[in-house]
Undergrad: 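Sharing a structure with you now.
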Amino acid sequence: VEAHCSAQPQVMPYPVDEDQTVSVCPREERIVLIGSVQPRKGGDVWARSLNQVLRARPHARAQMIGPDTPTGPDGMSMAQHWAHLIDPQVRDRFRWLGSLSHDAVRDAIARAALVVVPSRLESFSFVAAEALLAGTPVIVSDQTGIAEHVPSLPRVACDDVETWALAQVEALREIGRSRELAMRCR
């Protein structure tokens with residue numbers, strides 16, 4: 001059977017607003033992870049790294065945005081599992097917000113001090129691209145494809161909890177330098 005396509009080829013629009021302006025809204029010392037809550041997103045490594053980050057940065061907060069999945073141990077909520085990887089002494093500074101509208105996500109990116117993409121496998125990362133367009137510093141795992149296109153983007157080994165913690169603390173401590181780097185990566 002021979003298949004025929006009568007439709008003309010179409011150009012798909014780039015899903016990131018390339019004309020987006022750099023955010024000038026006040027930024028809190030907030031670290032944000034955005035994506036579906038599943039093992040390949042590396043949220044477990046990030047959650048463990050927050051134990052060090054939140055102790056070292058007493059005003060820092062962490063937010064996770066995205067839909068939950070039942071892929072935690074014994075089919076439990078992965079968001080709940082990741083939250084329990086954070087020590088009780090600092091867990092009150094972590095929030096899972098669930099799914100949000102695209103506008104709300106863009107607002108969270110614009111107000112964040114730092115966006116993290118700790119994925120174990122990420123072919124590109126539109127989250128990182130949107131963060132850079134907003135002038136928000138980003139740290140990505142060494143398994144995130146955008147790093148091939150933006151070589152100066154800070155990268156961390158995807159499963160290295162200690163290095164993730166150090167990279168986040170440093171980015172927050174040197175926030176002016178981190179923002180300059182984000183602007184150069186645009």
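Computation of the quantities below employed the complete heavy-atom set of this structure, encompassing side-chain atoms and omitting hydrogens, waters and symmetry-equivalent molecules.
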Undergrad: So do the side chains of Ile34 and Glu130 get within less than 4.5 Å of each other, counting heavy atoms only?
TA: no
Undergrad: Should Arg177 and Glu180 count as an ion pair when the cut-off is N to O under 4.0 Å?
TA: no
Undergrad: With distance as the sole test, does Trp82 use its side chain to make a donor-acceptor pair with the main-chain N or O of Gly42 at under 3.5 Å?
TA: no
Undergrad: Is the shortest side-chain heavy-atom distance between Asn51 and Ile86 below 4.5 Å?
TA: yes
Undergrad: With heavy-atom distances below 4.5 Å as the criterion, would you say the side chains of Asp44 and Arg120 are in contact?
TA: yes
Undergrad: Can you check whether Ala60's main-chain N or O pairs, donor with acceptor, with Arg93's side chain at less than 3.5 Å?
TA: yes
Undergrad: Report yes if some heavy atom in the side chain of Trp46 is under 4.5 Å from a heavy atom in the side chain of Gln168; otherwise report no.
TA: yes
Undergrad: Any donor and acceptor pair, going by atom type alone, linking the side chain of Ser141 with main-chain N or O of Cys158 inside 3.5 Å?
TA: no
Undergrad: Of all heavy-atom pairs between Ser77 and Gln80, which one has the smallest distance, and what is that distance?
TA: OG-N, 3.0 Å
Undergrad: Are any side-chain N or O atoms of Asp68 and backbone N or O atoms of Met78, one a donor and one an acceptor, separated by less than 3.5 Å?
TA: yes
Undergrad: Is the closest side-chain heavy-atom distance between Leu133 and Ile109 below 4.5 Å?
TA: no
Undergrad: Are Glu28 and Arg61 within salt-bridge range, i.e. N to O under 4.0 Å?
TA: no
Undergrad: Can you confirm whether Trp164 sits close enough to Gln52 that some side-chain heavy atom of one is under 4.5 Å from a side-chain heavy atom of the other?
TA: no
